[in-house]
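Basis for what follows: all heavy atoms, side chains included, without hydrogens, waters or symmetry-related copies. None of these values were measured; they are calculated from a predicted model.
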Amino acid sequence: MVWKRKSAGAGGSPGRGAGADEEEKVPRGHVPMVAGGGAEGDDGERVLVPVRLLSDPRVAELLDMAAQRYGYRQPGVLRVPCDAGRFRRVVDGAMQRCGIAPA
């Protein structure tokens, strides 16, 4: 799993334009998500989450929170409304329960 802090002011539109960096490509079987952010100059942390983890009850709870807050039509990367530390703990716990070794 890859964790990257998004820099303030980075990127224009969220898409797959010709100038997209290598880090913007999402490997097969992963979903890009952003956790945290909202503070001045903090866009949160971008995480590539294995698709298998989406069925974990704690990850599903965070997805429900995202749907309630932002709706189902979020453009671009899926934003999760919790701090990055909590999101890390939830995803790390789900990885352990699913038997996925951390990257």
Going by the rule salt bridge (Lys or Arg N to Asp or Glu O under 4.0 Å), which residues pair with R97 if we only count those two or more places apart in sequence or in a different chain? D56
State, to 0.1 Å, how close H30 and P50 come at their nearest heavy-atom pair, and which atoms those are. CD2-N, 3.7 Å
What closest approach, in Å, do R86 and C82 show between heavy atoms, and which atom pair accounts for it? NH1-CB, 4.0 Å
Mind checking the [atom1]-[atom2] spacing from [X] to [Y]? Nearest 0.5 Å is all I need.
{"X": "M65", "Y": "R79", "atom1": "CE", "atom2": "CZ", "answer": "13.0 Å"}
{"X": "M95", "Y": "R88", "atom1": "CE", "atom2": "CZ", "answer": "11.5 Å"}
{"X": "L54", "Y": "L78", "atom1": "CG", "atom2": "CG", "answer": "8.5 Å"}
{"X": "L62", "Y": "M33", "atom1": "CG", "atom2": "CE", "answer": "7.5 Å"}

Evaluate L53 against V91 for side chain to side chain contact (heavy atoms under 4.5 Å, CB included), listing each step before the verdict. CA-CA 8 Å; L53 299 185; V91 171; 4.0 Å; yes
Got a donor-acceptor contact below 3.5 angstrom from the E45 side chain to the V34 backbone? no
Check step by step if side chain to side chain contact (heavy atoms under 4.5 Å, CB included) holds for R46 and L48. CA-CA 7 Å; R46 182 175 184 264; L48 297 178; 4.0 Å; yes
Any chance you could lay out the side chain to side chain contact (heavy atoms under 4.5 Å, CB included) test for D92 and F87, step after step, and finish with the verdict? CA-CA 8 Å; D92 289 345; F87 188 66; over 6 Å; no
